[in-house]
Amino acid sequence: MTLLLFNTLTGQVEPLVPIDGQTLRMYACGPTVYDYGHIGNFRTFLQVDVLRRFLKLTGVPLRHVMNITDVDDKIIRNAAVAGIPIGEYTPRYVNAFFEDMEALRIERPEQIARATDHIDRMVELIQKLEAAGAAYKTEDGSWYFRLSSFPAYGKLSKKDLSGMEDGARVDVDEYEKDSARDFALWKAAKPGETAWDTAIGRGRPGWHIECSAMSMEYLGDSFDLHAGGEDLMFPHHENEIAQSESVTHKPLARHWMHVRFLLVDGRKMSKSEGNFYTLRDLLLKGYKASAIRLALISVPYRHQLNFTFDGLAEATNAIERLRTFHERLRTTTFAEGTNPAMQAAAAKAQGEYMEALANDLNTAEARAPIFELLRASNTAIDQGQFFAGDRDAVLRVLASFDAVFDVIADRDAEATKHALAWAEAEGRMADVAPELLARQALSDEEIEALVAQRTQAKKQRNFARADQIRNELAEKGVVLEDSKDGVRWKRK
RNA sequence: GGCGCGGUACCCAAGUGGUAAGGGAGAGGUCUGCAAAACCUUUAUGCGCCGGUUCGAUCCCGGCCCGCGCCUCCA
C-alpha cells in the first residue's frame with residue numbers, strides 16, 4: 001500500500017515512495033533546545049511519528065534524520081543569563097526532550113544529529129557556497145547567502161520576492177549585507193559569545209545551515225521527504241533549499257510535508273496569551289500521556305487542531321473504551337472456531353483503516369472503522385457469537401491500530417511517574433493537581449487488599465460495606481468492574 | 001496589504017455531485033444486589049448566508065458574513 005501525501009512543493013497529493021526503490025530517506029526538523037517542549041512542538045513531532053509508523057506498517061524501510069538545534073540566539077542568551085556555557089545549558093533540555101518523546105511514545109528517528117557536532121560540515125558547505133558565488137563575507141566576519149544567485153528562491157512557499165528585493169526597510173545592524181533579504185550563514189563572534197574558530201573565521205552558524213549540512217551528511221544530496229511545522233516553510237526550508245541546491249544542483253527533497261499549527265482555545269498558543277502548555281504542565285495536571293497523544297494526532301496534520309481540555313477529556317474516554325475492549329478480548333475465554341461475519345468485519349475494518357491512513361494520513365477517518373469493529377465485536381460477544389478465531393482476528397486489527405496510534409498499550413503510569421519525579425526535583429509540586437496526588441496514594445497491593453475485602457463483604461451480602469470500599473477506592477481514582485470472571489480494577 | 005485554511009448535531013470531527021462516518025457528552029432501556037463495563041434506542045430533512053450550474057449540491061462556481069493561520073524568533 002502506497003502512502004499518498006500532500007506535497008507542499010507541488011501543491012498536490014502524491015505517492016511517497018523511496019527514490020532508490022528501497023529505503024525512504026527523510027529529514028524532519030527537530031527542536032531547538034532552549035526550553036521544555038510545548039504541545040505545539042509535540043503536535044508536529046507526533047504527526048511525523050504517525051507518518052513514520054504508517055510507513056513502517058506498510059513495510060517501507062526508513063532512514064529518518066532529526067536535527068537538534070543546540071546553538072542559537074535564545075540558547076546563547078539563556079545560557080548567559082544562567083551563567084554557564086551552552087554545552088552545559090542544553091543537555092538538560094535535550095534529555096527532557098527525549099523523556100517527553102518517550103512519554104508520548106514518539107519513536108526515535110534512526111539518526112539524531114546535533115548542530116554543534118557538525119560545525120565542520122557547515123563550514124565546508126559555506127566554503128562551497130562561496131566557491132559557487134552564493135556566499136559572501138561581510139566586514140564584521142559574518143557570512144551571508146546571496147539571494148540574487150538563486151532565482152528559484154520562493155518555490156516552496158510560493159513567494160514572489162521580486163518586488164521586495166530593494167527592501168525599503170533597512171536594518172541598521174545589517175547594513176553590510178548586499179541585499180536586505182540575504183540571510184546569515186555564519187555569524188561573526190561577538191565578545192563573550194559562544195564561538196568556534198574555523199577556516200571561515202571565528203563565529204557560530206546561522207540557523208538554516210545546519211539542516212543543509214546535516215541532511216547532506218546523512219541522506220545525501222537529494223532525498224525523499226523533508227518535514228516540519230508550517231512556520232518552517234518560510235524562511236527556514238526555503239533557505240535550506242537555496243543553500244543545498246546552490247551546491248548540489250539537485251532537488252534537496254522531492255516531497256515536503258508541513259504540519260499545521262495547533263491552536264489553544266481557538267488562539268495561537270503563546271505565553272502572553274496565557275494558553276501556553278508544555279507536556280509537563282499537562283502531565284502534572286493529571287492528564288495521561290496517551291490522551292495527549294491521541295488528542296494531538298486525531299485531527300489530520302493538514303488541519304488546524306484546536307486544543308482544549310474538553311478534547312483531552314474526550315481522548316481520555318475514548319482510550320478507556322479501547323483499553324477496556326482490548327482487556328475484554330485478552331481475558332475472556334472464547335470457544336474455538338470463527339464467526340464468518342466477524343472475520344469479514346475485521347477484514348473490512350483493517351482495509352478501511354489502512355486506506356484512510358494511506359489517504360494523506362487521515363487519522364480522523366482511520367479511527368472510525370476501529371470503533372465500528374469494537375462495537376460489532378462487543379455485540380457478538382454479548383450474544384455468544386464470537387469465537388477464539390475472531391478474537392485473534394480482531395486483536396490483529398487492534399495491533400495495526402496501535403502500530404500507529406499507540407494508545408491502547410498503557411504506559412501512562414511511567415510517564416506520570418517521571419513527571420512527578422521531575423516536579424519534585426524542580427520544586428514544582430505546587431503545580432501538581434490534587435487529584436493526581438490522590439491517585440498515587442494507593443499501591444497496587446493496597447488496592448488488591450481492599451478489593452479482596454470488598455469481595456468478601458459481597459459474599460456475605462454486606463453490600464453497605466462493599467459499597468463503602470468501592471467509594472473509598474473511587475476517591476483514590478480506582479474504578480471497579482464486577483464481572484463473571486471476577487473483579488477488575490483500574491486507575492482512572 | 002500579500003498568501004492560505006476553515007465554518008457539518010450539545011462538543012470534537014470524517015466525508016461524498018445522489019441524499020450525512022466515527023468519538024465524546026446527554027436522555028431512555030437491557031444487564032447488575034446497586035454500580036461499572038457492554039449492548040440497544042435516541043440527539044443534523046440538515047452540512048455559515050445568498051445566488052448560479054445540474055435531473056439532483058453539504059460537496060462544483062460566484063458573491064457575502066464570521067473565525068483562524070502564515071508573511072518576524074516560533075513546531
Side-chain angles (χ1 to χ4, degrees), chain A residues 8 11 28-32 34-35 37-48 69 72-74 77 154 157-161 163-164 169 171 207 227-236 238 258-263 266-271 294-296 298-308 310-325 327-328 332 352 356 359 362-383 458 461-464 466-467 470-471 473-474 478-484 487-490:
Chain A
T8 308
C29 292
T32 301
Y34 64 96
D35 204 347
H38 56 69
I39 55 174
N41 298 121
F42 289 116
R43 147 108 141 151
T44 298
F45 300 136
L46 278 164
Q47 294 286 0
V48 172
T69 303
D72 91 318
D73 291 349
K74 261 182 283 205
R77 188 193 63 208
S157 54
K158 316 286 184 283
K159 284 189 189 304
D160 178 9
L161 299 179
M164 307 163 79
R169 173 176 59 109
D171 188 330
W207 171 35
E230 64 169 325
D231 59 310
L232 298 183
M233 194 165 90
F234 182 89
H236 182 56
E238 208 73 74
H258 290 99
V259 180
R260 286 205 73 177
F261 268 163
L262 65 68
L263 307 174
R267 291 262 146 206
K268 180 168 171 171
M269 183 171 70
S270 76
K271 285 179 179 167
L294 187 64
L296 293 179
S298 286
V299 173
Y301 78 96
R302 277 216 285 154
H303 291 281
Q304 279 177 337
L305 158 70
N306 186 18
F307 181 88
T308 62
D310 283 351
L312 221 40
E314 187 222 296
T316 304
N317 292 337
I319 289 171
E320 207 47 57
R321 186 153 173 236
L322 289 165
R323 287 180 179 170
T324 301
F325 174 61
E327 194 62 15
R328 187 179 195 191
T332 306
E352 289 176 356
N359 179 21
N362 193 333
T363 47
E365 195 181 354
R367 284 173 50 154
I370 302 301
F371 281 95
E372 277 170 13
L373 180 64
L374 184 157
R375 181 157 38 75
S377 299
N378 271 326
T379 302
I381 295 170
D382 287 351
Q383 297 173 346
K458 273 178 64 181
R461 301 197 64 77
N462 183 354
F463 293 121
D467 289 354
R470 188 169 62 196
N471 290 338
L473 285 166
V478 178
V479 181
L480 300 187
E481 273 177 43
D482 292 341
S483 78
K484 298 173 200 68
V487 186
R488 274 198 291 269
W489 64 267
K490 62 193 178 193

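Values in this document were obtained by computation on a predicted structure and should not be read as measured data. By convention in this document, chain letters (A, B, ...) are assigned in the order of the sequence lines, proteins followed by strands, and residues within each chain are numbered from 1.
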Under 3.5 Å, is there a donor-acceptor pair between the side chain of A/Asn306 and the main chain of A/Gly266? yes
Regarding B/C40, can its base be found pairing with the side chain of A/Asn378 as donor and acceptor, where the two atoms are less than 3.5 Å apart? no
Looking only at side-chain N and O atoms, does A/Arg321 come under 4.0 Å of OP1 or OP2 in B/G24? yes
Could you give the distance separating B/C49 and B/C65 at their P atoms, to the nearest angstrom? 15 Å
Among residues 39-48 of chain A, which contact RNA chain B at a heavy-atom distance under 4.0 Å? A/Gly40, A/Asn41, A/Thr44
Measure CH2/A/Trp207 against P/B/U72 and give the value in whole Å, please. 12 Å
Looking only at atom P, what distance separates B/G1 and B/G51, rounded to whole Å? 28 Å
Residues A/Ile319, A/Arg323; criterion side chain to side chain contact (heavy atoms under 4.5 Å, CB included); working and verdict: CA-CA 6 Å; A/Ile319 289 171; A/Arg323 287 180 179 170; 3.4 Å; yes
With rounding to the nearest 0.5 Å, note down the distance linking CG in A/Asn378 to CZ in A/Phe325. 5.5 Å
Strand partner of B/C3, provided both Watson-Crick or wobble distances fall under 3.5 Å: B/G69
Touch class at under 4.0 angstrom, heavy-atom based, for A/Ile370 against every strand present: nothing
So A/Asn362, base contact, sugar-phosphate only, or nothing? Heavy-atom distance under 4.0 Å. sugar-phosphate
Base partner of B/C39, which must satisfy Watson-Crick or wobble distances under 3.5 Å: B/G29
Using every non-hydrogen atom in the two residues, find where A/Lys458 and A/Ala466 come nearest and quote the distance to one decimal. CG-CB, 3.7 Å
Whole-Å distance, A/Arg260 CZ to B/C3 P, equals 16 Å
Please report the distance separating the P of B/G67 from the corresponding atom of B/C61, rounded so that it comes out in whole Å. 24 Å
Taking the C1' atom of each, how far is B/U19 from B/U54, in whole Å? 15 Å
Going by an N to O cut-off under 4.0 Å, is there a salt bridge joining A/Lys271 and A/Asp35? yes
Hey, does A/Val479 reach any base, or is it just sugar-phosphate, or nothing, if we go heavy atoms under 4.0 Å? sugar-phosphate
Distance between P atoms of B/U16 and B/C31 (Å, rounded): 43 Å
If I take atom CD in residue A/Glu372 and atom P in nucleotide B/A14, what distance separates them, rounded to the nearest angstrom? 16 Å
B/U42 and B/G23: how far apart are their P atoms, nearest whole angstrom? 14 Å
Is there, by distance only and without an angle test, a donor paired with an acceptor across the side chain of A/Asp231 and the base of B/G69 below 3.5 Å? no
A/Arg375 vs B/A37: side-chain N/O to OP1/OP2 distance below 4.0 Å: no
With rounding to the closest Å, how many angstrom separate the C1' atoms on B/C10 and B/A27? 12 Å
Strictly by Watson-Crick or wobble contacts shorter than 3.5 Å, is anything paired with B/C64, and which nucleotide is it? B/G48
Categorize A/Pro300 for me: base, sugar-phosphate, or nothing, with a 4.0 angstrom heavy-atom threshold over every strand shown. sugar-phosphate
Presence of A/Thr379 side-chain N/O under 4.0 Å of B/C40 phosphate oxygens OP1/OP2: yes
Is the distance from OP1 or OP2 of B/A38 to the nearest side-chain N or O of A/Arg328 less than 4.0 Å? no
Would you jot down, in residue-number order, the residues of residues 311-320 of chain A having a non-hydrogen atom under 4.0 Å from RNA chain B? A/Glu314, A/Asn317, A/Ala318
Base, sugar-phosphate, or nothing: which does A/Gly266 touch, judged by heavy atoms less than 4.0 Å apart? sugar-phosphate
Does B/U58 have a Watson-Crick or wobble partner in any strand here, with both distances under 3.5 angstrom, and which is it? none
Ignoring hydrogens and geometry beyond distance, is the side chain of A/Lys268 in donor-acceptor contact with the base of B/C74 at under 3.5 Å? yes
Within the stacking criterion (centroid distance below 5.5 Å, interplanar angle below 30°), does A/Phe463 stack on B/G33? yes
I'd like the P distance from B/A13 over to B/C50, given in whole Å. 24 Å
Using a heavy-atom cut-off of under 4.0 Å over every strand shown, decide if A/His303 touches base, sugar-phosphate, or nothing. sugar-phosphate
Measure from NZ on A/Lys458 to P on B/C34 and round the result to the nearest Å. 11 Å
Pairwise side-chain contact, A/Glu481 with A/Lys490, heavy-atom cut-off 4.5 Å (strictly under): yes
Do the side chain of A/Asn317 and the main chain of A/Glu314 share a donor and acceptor less than 3.5 angstrom apart? no
Pairing partner of B/U19, by Watson-Crick or G-U wobble and under 3.5 Å for both distances, is none
